[in-house]
Each structure stands twice: as structure tokens, then as C-alpha cells.
Enquirer: 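Dropping a structure here in C-alpha cells format, bear with me for questions.
Chain letters run A, B, ... following the sequence lines, proteins first and then strands; every chain starts at 1. Only heavy atoms go into these numbers, but all of them, side chains included; no hydrogens, no water, no symmetry mates.
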Amino acid sequence: MELTRRNFLKYLGIAAAAGTVQGKIALDLLRPVPSQATTESNVIYKAGVCGICGMNCAMKGKVVDGVLIKLEGNELDQQSGGSLCAKGNAGINILYNPDRLKYPMVRTNPEKGIGVDPKWKRISWEEAFDLAAQKLSEIKEQYGGKAIAWFGGHKGTDFLKAIGSPNDFCHHSTCDTVREVACEVMLGTSAYIPDFAETDYILSFGWDQFGKAKNAWARLMAKALDRGAKLVVFDPRLSPTASKAQEWYPVVPGTDHALVLAMLNVIISEKLYDAEYVAKYTTGFDKLAEEVRKYSPEWAAELTGVPAADIVRIAREFAAAKSAVIPCHKREAAQVHPNGMALVQGMIALMAITGNFERRGGAMFRKKAKLNKVSPPEEAPGLETTIRVDGADRLPILLECGHAVYQSIADAILEEKPYPLKAAIIYKQGLFSMPNPAKFVEAFKKLFIININIQPDEMALLADLVLPDVTYMESATVSVRKYHALYPQIAVSEPMVKPMYETKSRSTIIREIAKRMGIDQYLNPSGSSVRDQQLSLYGLTQKDVIAQGGVISPEGTEVKYKDLTKLSTPSGKIELYATRLAEHGYNPLPTHRDEWILPKPKAGEFYLVTTRFATHRHAQMQNYRWVHEIYPENYVSINKKTAAILGIADGEEVIVESPYGQIKIKAKLTEAIRPDTVCIPHGYGHWSKYLSNAYSKGANDGDLAPARSIEETLEMDPVAGSNNDCHLLVKVRKA
Amino acid sequence: MANKRYGMVIDLRKCAGCHACTVACKAENKVPDGIKRTKIIEEETGEFPNVAITFRKHQCMHCQDAPCVKVCPTKASYHTEFGTCEVDPKLCIGCKYCVHACPYRARTINPENGLPEKCTLCVDKLAKGELPACATTCIGNAITVGDLNDPNSEVSRAVAKGARPLNPEWNTKPSIFYIWNRR
Amino acid sequence: MAAMGEKDLASIALVRRLYEVFRGPDAAGVAELCAGNWVSDVEETLAVLGLARPATWHSLLQQLGTGCHNREQMLEELSVEHTRLFVNAYGGTPAPPYASVYLNDQPMLGGQVTLQVIEWYKRAGVALPPDYPEPPDYLPVELEFVIHLIQSIPEAGTGQAASQLRLVQREFWQDHFRLWIPQFVARTTEESQHPLYTASAEILGAFVQQRAVLV
Amino acid sequence: MHGEVLWNVYIAIYLFLAGISAGSAVLAAVNQLFGIWEEKVTKAAAYVAPFPVMGGLLALVLDLSRPLNFYQVMLHYNWTSVMSWGVVFLNLFPPVALLFAVSHFTGWFEKYRKALAVAVMALGVGIGTYAGLLLAAISANPLWGNPVLGVLFLVSALSTGVCAAMLVAQFVFKVSHQSLKGLAVVDSTLIILELVVIAVLLIGWAVAPTGGKALQILLAGEYAGIFLGGVLVFGLLVPLALNLLELGAFGKARHIPAVAPLLVLVGGYFLRHVIVYAGQAIYPLLLG
């Protein structure tokens with residue numbers, strides 16, 4: 001027998017002699033277990049919290065043998081109500097997408113830019129942590145901690161504090177800062193909740209949560225309509241929400257503020273307001289009344305295109321309704337214009353003088369459940385400087401709200417003003433969340449970038465070090481209901497499946513880097529003991545909550561009303577005249593500024609509004625198969641008659657050009673939009689070739705948007721620092 | 001004969017056109033790539049500014065007088081005990097006659113197994129006393145499922161109040177009814 | 001207890017050598033390559049199995065000949081190429097080493113295919129340790145399973161346990177392994193720019209083609 | 001927007017081949033029963049009849065998306081399905097037609113030839129008609145859902161069957177010029193009839209509420225070229241003109257033996273191709 005001469009037996013570690021072999025090779029991965037003849041699978045449901053949008057719906061995950069099969073809403077949760085939107089249902093795609101980032105990787109191609117392959121190399125976590133720590137330490141040494149920034153979700157605030165940097169960036173100034181700031185100064189809270197389930201009258205200024213399919217709000221608004229509530233929508237296009245409305249007014253983009261002021265004028269001059277409520281719960285009514293006297297319905301009709309008689313009638317209906325609400329989320333058409341801050345102030349005033357705050361069917365304050373606080377073992381030494389790269393230190397109220405100026409960062413990095421930025425950790429922020437991304441790409445070329453990410457999007461391509469994040473289906477969290485919290489409620493999630501590949505959670509990643517930099521004692525603790533500690537306020541552990549169905553309502557599910565004389569405003573009441581604004585030298589009233597109304601578009605020119613598809617969140621879902629299939633690409637909606645004049649056919653490619661950039665995109669002809677306005681759904685035009693489905697589909701409306709410098713920002717919106725993305729006219733022509 | 005007739009009433013006033021049903025169905029039924037058993041069809045009517053948009057959930061109508069059942073040469077297409085239309089994989093030869101015969105165009109061929117691919121009303125879930133995946137996930141609560149032969153069921157009451165099927169003139173007796181958008 | 005035959009042993013050794021390649025490069029692996037152990041084991045096992053050396057064998061030997069002068073650089077090249085072929089690549093990962101991506105109704109991991117693989121593992125008396133991070137249908141895991149079946153079937157003798165194992169082996173190979181490996185091999189050989197991966201994929205393809213008939 | 005093609009070229013081929021069998025079977029039977037032309041004509045047609053449909057059946061099986069379940073169609077019948085009726089015809093026709101052909105080839109069962117002829121004719125008409133009715137039963141399809149389609153398929157089946165038999169009669173059996181002329185008269189009559197039926201169809205679509213789509217796709221859409229050129233001009237009008245030339249309608253007779261029947265055959269295929277494809281393109285599957 002030849003066996004004895006075989007070399008490979010040596011490799012296998014098997015002894016062979018005289019025709020027999022002895023031994024078995026040891027397996028690296030598979031372990032012996034008692035063999036089971038049964039083919040029965042073991043189905044369990046795990047408690048989850050959706051991580052796609054900020055609503056964070058509580059879910060149940062059907063798991064078979066460690067494989068996640070299906071996600072369903074948790075009916076105990078006031079936000080999910082037992083249902084999930086298209087995005088939530090497609091969560092499995094995020095977990096199991098083959099394009100997903102799986103291991104830490106470094107780029108081996110030093111050149112960065114749009115369409116440049118980073119030529120990644122897989123490395124071990126040890127190497128990744130060492131590299132990150134070494135780079136950040138070097139930069140901290142040479143330029144100070146302030147040269148390091150964190151982008152995304154305020155999830156690195158403790159890390160930044162530990163290294164002394166004030167540069168905690170988030171996207172809100174391209175999103176909802178006008179609402180947050182207006183609510184803060186007038187109501188002492190950052191948002192209010194429409195009580196759709198009970199309301200009689202809904203007034204929407206571009207608000208389209210039907211179209212975006214925000215679970216609780218879409219569900220409850222459907223309920224309101226079913227109950228016979230009246231819905232009036234002002235929107236340049238017939239949005240899905242407008243398509244459900246009894247009345248739709250295709251208002252001139254960016255002029256909604258005039259409508260609100262005229263309605264205030266009608267209600268106050270006709271004494272239709274709730275005088276008792278105003279006297280008891282508000283301050284500054286006289287100043288408001290004085291201010292709005294000049295805004296007649298005729299004046300508003302001229303600006304907005306809505307007939308004066310309708311404005312008057314709607315104002316009277318609104319005031320007469322038993323309950324009425326003006327929902328306001330973020331980035332609604334009108335708020336991306338410089339009068340946006342004043343618009344929200346006006347909306348709040350409108351609801352306040354008609355007595356609709358903290359009233360059944362009106363606007364409710366969020367009833368957020370409390371948790372035991374966790375804090376770092378050691379207090380961080382303090383910031384090196386309070387001067388921020390984005391200039392947010394020049395917008396004190398915005399900063400008090402905890403937000404940043406997003407758009408100004410690109411210019412600041414490029415010009416190294418007020419000081420140079422050298423590195424950034426970018427978490428959960430796609431490049432397409434940034435206006436005018438081409439400018440940001442140029443800026444990012446100057447930085448050492450660590451990207452903690454789930455999919456190989458454009459941000460990952462620009463990174464020097466890519467660190468794979470776990471999905472919300474592989475991690476645990478304690479999630480306080482926030483978006484639609486009519487009563488305090490907490491949802492808890494457990495990992496539905498174990499983290500795939502070598503993915504790690506953000507907190508683990510940051511802790512490991514911090515450890516190597518010797519600053520981990522300043523980080524917030526994390527892990528299951530922290531979650532138990534948070535919940536111990538209620539005498540419960542994470543496990544207990546999961547045993548109770550994953551969701552607890554510590555004070556019951558009854559809606560309790562807040563005392564409107566004990567708000568967190570300086571007066572404790574609703575401040576129709578916002579004293580906090582006055583203190584900082586800003587205009588405390590919702591004054592209209594004519595100079596911020598766009599000029600009428602000439603032939604071939606258009607107002608621009610943006611939206612997004614119900615199946616996608618921002619630019620982050622386009623690559624996922626189940627939702628990709630529904631809307632594989634975006635388009636620019638153009639009114640049929642206008643298109644006929646321009647000779648544009650349905651489906652034909654057109655060039656849309658703004659003062660800041662241009663895109664090529666297919667035209668969709670429709671009757672459901674003003675003839676002088678075009679609309680582009682956001683989130684497309686991905687140029688990361690690593691995204692096998694989304695790559696090169698559609699175009700990014702952000703390419704048309706400005707990334708305003710801090711000076712420009714201060715000029716347009718000195719209070720909330722919003723970017724006013726759509727305060728521009730675009731030109732459309734055949735490609 | 002089956003004495004149950006499960007059907008669906010879809011309230012288009014509440015349908016946000018959000019496509020949650022489409023995706024939930026894909027997850028529940030392992031529908032192959034590129035195929036949808038249920039889908040939202042967006043229909044625009046009128047001229048600016050008098051425009052209306054209706055989002056309509058489209059799917060197998062589970063007709064009682066079903067053309068697909070009528071034309072199937074092997075009786076592979078049949079009505080279940082729940083009154084839903086179903087395909088027996090043992091009998092189906094893949095002639096595709098049913099796909100062409102369906103006036104609602106609600107069937108296609110699954111490239112993996114050659115079977116007609118269509119909504120089953122999640123009949124396996126009905127058998128367990130559960131609701132179809134689309135109905136449970138609908139964020140507008142626009143979908144009601146029940147026995148149309150039970151006059152007290154919610155679906156029967158909605159039909160009595162005027163919910164109508166699509167193209168009743170085709171005389172296929174669909175079990176999917178719509179409450180149409182008011183605009 | 002029946003002993004494994006020479007062909008079984010050669011199969012195990014070959015699969016093990018391929019496993020090392022697809023799992024990803026490291027310094028020890030490069031050392032094996034440069035010492036010639038990997039090459040000689042593969043050559044020998046191919047000879048025992050009666051399989052031809054792949055077309056790219058010669059260029060692999062050449063590459064090793066020159067590349068081994070700078071092992072660090074070779075590891076770097078192999079790492080970049082392994083990442084590009086099997087992890088994340090510009091233009092879409094050419095050959096994700098997960099069976100479910102090829103066999104699921106929908107092009108993603110998890111799903112029915114993964115569940116099926118888990119079931120075969122269970123029935124064959126093996127499982128992945130709970131903390132093992134890769135999914136059960138990851139190529140290196142399936143290669144180990146192939147090894148497990150080859151060596152545990154003779155050991156199980158002739159009883160019911162052995163016929164159960166043989167049934168699992170037949171199902172695993174016929175309904176699964178032989179279906180996706182050719183697709184994986186085709187995609188790898190088409191895209192690979194390093195002869196180690198081209199050759200390994202070609203050998204894997206030939207091995208699966210030969211053995212699928214036997215089981 | 002284009003519909004998904006689920007019935008492809010196999011179905012067109014099947015319809016075409018089955019039509020040839022049906023037509024030649026009817027021709028053979030008619031000549032058998034009435035003895036209009038020499039016996040060679042019967043022979044030629046009888047030899048043609050059984051075979052194309054067998055090829056057609058193969059094409060049919062190839063079209064199935066679950067071909068391994070094919071046998072179920074012979075075990076289970078649904079009498080509300082035109083397809084089940086077709087299965088009956090397709091089960092019976094080949095053996096009967098084969099028997100008829102064998103009888104002519106060997107001289108066996110000469111006594112029963114007339115009875116066989118009657119059976120073969122009935123089954124031939126059945127096969128020639130049901131295919132059109134199969135499509136016509138799809139009433140939701142504006143192009144297919146028209147009973148006149150059954151008549152059109154029958155007439156076209158007879159026409160293509162006669163032409164196939166003509167070619168065999170001419171080149172294999174060397175029948176007389178006289179018989180060929182007689183067949184050319186039959187062919188011309190069928191062509192004219194087919195043109196009339198097509199006209200009736202077109203008028204039918206023109207007046208039907210949803211027929212506009214059918215007209216659009218056939219006369220102006222992507223199938224207009226093949227319908228107008230392939231079917232109407234080269235499949236019907238040109239062979240008709242050639243036949244008339246042949247028959248001396250324009251003066252001196254001349255012999256252009258194979259061209260007209262060949263054109264009719266090609267046109268016959270195009271007709272089925274157009275109907276099958278245009279009927280699917282006419283509206284898309286909604287759930288793709």
C-alpha cells in the first residue's frame with residue numbers, strides 16, 4: 001500500500017502504517033453535538049426596536065434556528081401599533097444583504113474622490129483599533145483634540161468630551177432645526193405631537209407623513225379621516241397626504257408663512273380665539289396681535305395664490321373646530337425657506353390662541369418616560385475650546401438645543417477656519433445627508449476618516465478605516481418612546497440574531513479605541529448591566545420587560561395633560577412673544593420678511609420641492625432589494641402642460657440645474673404639481689459601486705442644494721441655522 | 001362545497017400607498033426577486049388643480065367565478081375551504097393559461113418552480129386563525145379580512161355599506177372589495 | 001470500524017487546503033505557500049484523485065516563485081484580492097462565499113437555504129459554536145462539513161446512523177453543494193486576478209464535479 | 001409598456017403545426033369521401049396529417065413551466081377549460097390520423113377507410129378550431145377574446161394544411177397539373193375566406209369597446225410590420241396573386257409550383273406568432 005508514502009497524511013496529522021490509518025482530523029469550526037433526526041424547527045419571537053427611522057417602532061422578530069425570518073410590529077407599542085411600514089418590513093434585507101460591510105477594512109488606494117475605488121483590505125479588529133487609536137492620538141498630540149470631529153446622532157459626545165473636542169456634528173440644520181428651535185423658545189420642548197386619534201381638524205403646510213409612511217402618524221391620521229376629521233393641505237404638489245384631503249391648495253412654494261399670518265390676523269381681528277385659554281396659558285398675546293394686524297388675507301392671497309375668501313373661511317373653521325392641530329415634523333416644503341422659523345412660530349401661535357395645546361385632539365407635549373441616568377466613571381477633563389468648526393457657537397439657541405450647523409462644515413474644513421480639522425469619526429451619516437456633497441468630498445479628502453457603517457455607501461468609500469457596525473437586529477437597546485409618546489412608554493430589544501461576520505457595536509468600537517488612547521474612563525458605560533440600571537427606576541430588568549412583551553407603560557396608557565403654566569419656558573407658559581429670542585436680540589415674533597420670498601420663475605425656471613418615497617429613508621434604503629424593487633430610481637415630477645411647452649416627454653431624461661450644481665434625471669409628467677414647480681424624491685444617485693442595487697440609479701437632489709457657509713447661514717437664519725436647501729430656482733431642459 | 005368565503009375589504013381612503021403590504025408579503029411568502037404578489041397601483045385622474053390620486057392595493061381577487069379556475073385543464077387552480085383561490089402544485093403543469101385568463105392580471109409565473117405566483121390570502125395563516133401578512137402590517141389599518149358568507153363579519157358589513165369589487169361587470173364575483181377614495 | 005480509503009484521505013486533505021485559501025490569507029498561510037507545502041499537498045491529492053492540475057497552475061507556481069521574495073507584500077496582495085473577491089468589491093462583490101446568496105429565491109443571506117443547511121448539520125451531529133460569527137452557509141464551514149461527512153461515514157459503520165449520514169450527505173451534495181459551487185467557481189475564476197484564487201476555485205469546481213457523482 | 005411573454009415561440013410553433021395537421025387531415029378526408037381529385041392527393045394529405053401535430057406536441061411540452069407534471073393533463077379533465085377539450089382531440093387525433101395514413105400506405109382496413117375519414121375530419125376540425133377558441137375564451141384580452149379567432153384559426157389551418165399537402169403531392173407523388181390547379185382553387189378560396197375573416201375580426205375590434213388596443217398593436221404597434229407584411233401581404237395577397245396567375249386569371253397560365261404554398265405556410269406561422277405575441281404585449285402583468 002502506498003499510503004505510507006503520502007505526504008499529505010503528515011499535513012492531516014494522521015498516522016498511517018501498513019494499509020491502515022489512525023485518527024481523525026480535527027475540525028476548526030464545527031463541533032459534535034447529539035445528532036437529531038427531527039426536522040422540526042424551533043421558532044421563537046424576539047423583542048426588537050426598529051432602527052431605520054427615529055420613530056423606533058417596537059417589533060417582534062420571528063427567528064427560526066437563529067435565522068431571522070420576519071419582522072412584525074409590536075401591538076403594545078403606541079408607535080408601531082402592531083404594524084410596520086415597508087422599510088421596517090425590509091429590515092431583514094439590511095441584516096442579510098450580501099453587500100454589507102463584514103470586517104474591518106483599510107483603504108490601500110491613497111487617492112480619494114467620487115468614483116475612486118478605495119481598494120479595501122480586510123484587517124483584524126486588533127489592527128483596526130490600533131490604527132484608529134494611533135492616528136487619533138497623533139492628531140490630538142499635534143493639533144489638539146479639537147481637530148477631531150464626530151459626525152452623527154450625538155452618539156460620540158462622550159468620546160469627544162474625553163478628547164476635548166467641541167465638534168459634535170449632526171444633520172439637523174438641513175432638517176428640522178427650525179421646528180426644534182421654535183418649539184423650544186415658545187413651548188420649552190423640542191416638539192409636539194398631533195393627537196390625530198381625537199382631532200376634528202388638520203391643517204397641513206407641506207406636512208406629508210402619509211407619503212413618508214411614518215407609522216404612528218400615518219396610521220392615526222387614517223383613523224382621524226375615518227372618523228370624519230377635516231384635512232386641509234397646502235402643498236405645491238398633490239402629496240399622498242394631500243390626496244386624502246378634502247381641500248388641497250397648491251400654494252406658491254415658500255410662502256406658507258403668509259397664510260399662517262393671515263389666519264392669525266382673521267382669528268384675532270374677528271375675536272375667534274379662546275380668550276380664557278390665551279389669558280391663562282400664554283404670554284405676549286397683545287404683541288402678537290399687534291404684529292399680525294398688518295397681514296391681511298388679501299395680502300396673503302397675493303403671495304400664496306390661495307384665494308382670500310378661502311383663507312378667511314379656513315381660519316374660521318380652524319378656530320371653530322372642537323379640536324384642531326397643525327402637524328409639523330421637519331423639512332416640510334415651507335421650512336426649507338428662510339421664513340421657515342417664523343412659519344413654525346406662527347403655527348404654534350395659531351394652535352395656542354385657539355386653545356389646542358394639551359387638549360384632546362390638539363397638539364400634545366411628548367410624555368417621555370424617564371430612565372435612570374448613567375454617567376462615565378470619571379468626569380472628562382473638559383473641552384479645549386468652545387469654538388466650533390461649524391460655527392454653531394455663534395447660534396446660542398441652536399447650540400442649547402444640542403444641534404450643529406451641518407452645511408458650513410465643508411467650507412470650514414476647506415478653509416481651515418477657525419482652525420484645521422484633521423480627523424473625523426463618521427457614524428450613521430451618509431454622504432448624501434450632506435447638501436452639495438461634491439463640496440464635502442473635497443473637504444473630506446483633507447481628513448483621516450473612520451467610518452462606522454453597515455453598508456458600503458459613499459461615506460465608506462471616502463473613509464481611511466471602515467468599521468462594520470451591527471444592525472439593530474443584532475443588538476439590544478432600551479428605547480424611550482419619543483416620536484409619538486402620548487403617555488410614557490419604554491420598548492426594550494434583545495439581539496434577534498447574533499452579530500453576523502465580525503461586526504461590532506458602536507459602543508464597543510469606541511471603547512476599544514478609547515482604551516488604546518487611555519481615555520476610556522470618560523466614556524459612558526454600555527452593555528446589558530447599563531440597560532438593567534436604566535430600567536431599575538421601575539424595579540425591572542431588561543429581561544423582565546421582554547417577558548412583559550418588550551414594551552412597558554410605567555404610568556398606564558391613559559393620556560394625562562400637562563399643566564400649561566409649568567412649561568420650561570422662562571414664563572412657564574406658551575410664549576407667543578418668545579422672550580428667549582428677544583434676550584438674544586432676535587425677533588421674538590413670527591414677522592414676515594418679504595425679501596425672503598423667491599422671485600417668480602421665468603419660463604424654463606422652477607421652484608424646487610423635494611420629497612421621499614415611503615419605501616426609503618433618506619439615502620439609506622435604496623440598496624435593499626425588497627424596497628429597491630418598488631422604486632428603483634427617482635425622477636423629477638413636472639406638470640404635464642409645462643413639460644409640453646418645454647418639449648419634454650414622460651420618462652425622458654432632463655437636466656435640472658441650480659446655482660449650485662446640476663443633475664441628469666428622468667422626467668415624470670403629472671398633473672399633480674404646480675406648473676411652476678418641480679419635485680424630486682430624495683435618496684438616489686448613489687455612486688458607490690459597492691451598492692449593487694442602488695448604484696447609478698436616479699440622481700441626488702442634494703447636488704442642487706447649497707452647502708452654505710456659516711456667514712451665509714447666519715444671514716438667512718441666525719436663530720436655527722438652517723440651510724434652506726430649497727431657497728433657489730432651478731432650470732430644467734432636455735438632456 | 002366550501003361554505004366559507006374569505007375576502008378582503010380595502011379602504012382606499014386609509015391606504016397611504018406606503019407599500020408595507022408588498023414588502024410584508026415578500027417576507028412572509030418568500031416571493032422571488034422581481035415578483036410581487038400584491039402591489040400598490042397609483043392612479044392619477046383629472047387636470048391641475050383638480051387632480052386626484054388613488055393608491056390601490058392590487059392582488060389576486062379570489063373570484064368565486066374565477067376565470068383561472070375555469071380554464072385550468074387539470075383543476076390545479078381550485079377554491080380552498082376558505083373560498084380562496086389556490087394552486088395545487090401536484091396538478092399544475094405550468095401551461096400558463098390561468099395567467100393569461102386572469103382579467104385582473106394578478107398572476108405571473110414563478111421562475112424557480114414554474115408555478116403561478118399570486119396572493120393566497122395567506123391561507124396557511126387563515127387556517128391558524130391568523131390574519132394575512134398584509135393586513136397585520138398595514139399602517140393605515142386599511143385592510144379588513146373576514147368571511148363574506150358570515151353576514152355579521154366586518155367585511156360583510158362593509159360590503160353591505162357599499163364596498164365594491166374592481167370591475168364587477170366582468171362577473172367573476174371577486175372576494176376583494178374596495179371602499180374608494182373620496183377625492 | 002471501517003477505515004477511510006486513500007481517496008477519502010486525499011479528498012479531506014485537498015478540501016482542507018482549499019479551506020485555508022477561502023478562509024482568507026494570513027502570515028502562516030503565506031509561509032505554507034512559500035515553503036511549497038501547500039502546492040505539494042494539492043498536487044499529490046489531485047494525483048490520487050485523478051484530477052488534472054488547473055490551467056492556472058503554472059502561473060501560480062511562477063507567482064509564488066517571484067512573490068515569495070517579499071512575503072509581506074504577498075500577504076498584502078492576497079488580502080486585497082481576497083477582500084475584493086469575497087468580501088466587498090467595487091462594482092459588487094464578485095463571489096460572495098455564502099450559499100444562500102446563490103440559492104435563495106431572493107439574492108440575500110439567511111432564508112430557507114440557511115435553515116436547510118442548519119438542519120443538515122443537526123442531522124449529521126455537528127453544529128457551529130454559538131459565538132462563531134459567520135453564517136452556517138459560509139463556504140469554509142461547508143467545506144468543513146464536507147470533511148466531516150467523509151470521515152464520519154466510514155466510522156459510523158453500517159448501521160442506521162451510517163445510512164442517516166449517507167442520506168444527509170446525498171441531500172447536502174445533490175440539493176445544495178453541487179448547485180451553488182459551480183456558480184461560485186465561475187464567478188471567482190472570471191473575476192480573480194490572482195492565480196491562487198483562480199486555481200483554488202478551479203480545483204474546487206473539479207473536485208465537486210467529480211465527487212457529486214459519487215455521493 | 002410591454003407585457004411579459006409567457007407563451008413564446010413554442011406555442012406559436014405548436015399552433016402552426018397542429019393547424020397543418022388539421023388542414024391536411026380534412027383535405028385527405030374530403031377527397032376520400034368525395035373523390036374530387038386523384039387518389040394521390042388523398043395519400044399525400046393523409047401522409048402529412050399525423051406528423052406535424054406530433055412535433056407540435058413536443059413544442060407544447062417544452063413550453064410548460066412544469067413539464068414533469070405533463071401527464072396530469074391526461075389524468076385530470078376540466079370540461080369548462082377549452083384546453084381540456086384540446087387534450088381530448090390531441091389524444092385521439094394522432095392515432096386515428098396515423099391509422100388513416102397506414103391504411104393508405106399498406107392498404108389495410110380499406111373497408112373502414114371511409115369511417116376513418118369521417119373520424120379524421122371531425123378531429124381535424126376540432127383541432128383546427130379549438131386553438132382559436134382557447135384564446136377566444138380569454139375574454140379579458142381585447143385581442144384574444146374574440147370567437148371569430150376560432151374561425152380564423154380553422155380557415156388558416158385548412159389553408160396551411162392544403163398547402164403542405166400540395167407540396168408533398170407535387171414533389172413526392174408527382175400529381176397531375178390538373179389536380180394541383182384544383183388544389184390552387186381550393187387554396188385561393190381559403191385565402192379569400194381568410195381575408196374576409198380577418199376583415200370581420202378587424203371590424204369587430206374596431207367596434208368593441210376595448211378593441212382599439214388590438215387594432216393599435218396589430219396595425220400601428222410593434223407587430224404591425226409582421227402582421228401587415230408577413231401575414232397580409234406575403235402570406236395571403238402574394239400567394240393569392242400567384243395562384244390566380246397559375247390559374248390563368250391574367251392570361252397565359254404559367255407554372256410556379258412551390259412558391260405560393262410555401263408563402264402560405266410562412267404566412268400561417270406569422271399569423272400565429274403575431275396573435276400569440278401581440279395578445280401578450282397588449283397589456284402588462286400588473287404584478288411583475
Enquirer: Would you compute the distance between atom OG1 of Thr54(B) and atom NZ of Lys244(A) and round it to the nearest 0.5 angstrom?
Expert: 7.5 Å

Enquirer: With a 4.5 Å cut-off on side-chain heavy atoms, are Arg625(A) and Asp33(B) touching?
Expert: yes

Enquirer: Would the number of heavy atoms belonging to other residues, nucleotides or ligands and lying under 6.0 Å from NZ of Lys666(A) be above 12?
Expert: no

Enquirer: Is the closest side-chain heavy-atom distance between Val23(B) and Thr615(A) below 4.5 Å?
Expert: no

Enquirer: Measuring from atom CD of Glu42(B) to atom OG of Ser243(A), what distance do you get when rounded to the nearest 0.5 angstrom?
Expert: 8.0 Å

Enquirer: Would you mind telling me which of Lys26(B), Lys36(B), Lys39(B) makes a side chain to side chain donor-acceptor pair (under 3.5 Å) with Glu629(A)?
Expert: Lys26(B)

Enquirer: Heavy-atom pairs under 4.5 Å with chain A are the metric here; pick the option from Cys15(B), Ala133(B), Cys21(B) that has the most.
Expert: Cys15(B)

Enquirer: If I take atom CG from residue Asn141(B) and atom CZ from residue Arg219(A), how far apart are they, to the nearest 0.5 angstrom?
Expert: 6.5 Å

Enquirer: Can you tell me which portion of Tyr631(A) sits under 4.5 Å from chain B's heavy atoms? Options are side chain, backbone, both or neither.
Expert: side chain

Enquirer: Which bit of Lys87(A) comes within less than 4.5 Å of chain B, counting heavy atoms only: side chain, backbone, both or neither?
Expert: neither

Enquirer: If you round to the nearest 0.5 Å, how far is CG of Asp226(A) from CG of Asp11(B)?
Expert: 6.0 Å

Enquirer: Should the pair Glu47(B)-Lys640(A) be classified as a salt bridge under the 4.0 Å nitrogen-to-oxygen rule?
Expert: no

Enquirer: Give me the atom names and distance for the closest heavy-atom approach of Cys85(A) to Ala20(B).
Expert: C-CB, 3.6 Å

Enquirer: Is chain B contacted by the side chain of Thr670(A), its backbone, both, or neither, given a heavy-atom distance below 4.5 Å?
Expert: both

Enquirer: Where on Leu71(A) is there a heavy atom nearer than 4.5 Å to chain B: the side chain, the backbone, both, or neither?
Expert: neither

Enquirer: Whether the Glu72(A) and Thr136(B) side chains hold a donor-acceptor pair (N or O, under 3.5 Å, no angle test) is what I'd like checked.
Expert: no

Enquirer: Compare every heavy atom of Ala16(B) with every heavy atom of Pro240(A), then report the nearest pair and how far apart it is.
Expert: CB-O, 4.3 Å

Enquirer: Between Lys214(A), Lys70(A), Lys641(A), who has the most heavy-atom pairs with chain B when the cutoff is under 4.5 Å?
Expert: Lys70(A)

Enquirer: In Å, rounded to the nearest 0.5 Å, how long is the span from CE of Met221(A) to CD1 of Ile139(B)?
Expert: 10.0 Å

Enquirer: What distance do Asn215(A) atom CG and Thr137(B) atom OG1 have between them, rounded to the nearest 0.5 Å?
Expert: 8.0 Å

Enquirer: Might you point out which heavy atoms bring Leu238(A) and Val51(B) nearest each other, and give the distance in Å?
Expert: CD2-O, 3.7 Å

Enquirer: Which heavy atom of Ile673(A) sits nearest a heavy atom of Phe48(B), and at what distance?
Expert: O-CD1, 3.2 Å

Enquirer: For Glu44(B), which atoms come within 4.5 Å of any heavy atom of chain A: side chain, backbone, both, or neither?
Expert: side chain

Enquirer: Go through Gly140(B), Gly46(B), Ala24(B) and name the one with the most non-hydrogen pairs under 4.5 angstrom from chain A.
Expert: Ala24(B)

Enquirer: Is it the case that over 12 heavy atoms from other parts of the model lie below 6.0 angstrom from the NZ atom of Lys697(A)?
Expert: yes

Enquirer: Is it the case that the ring center of Phe613(A) lies less than 6.0 angstrom away from the ring center of His19(B)?
Expert: no

Enquirer: Identify which part of Leu12(B) has an atom lying under 4.5 Å from any heavy atom of chain A, answering side chain, backbone, both or neither.
Expert: backbone

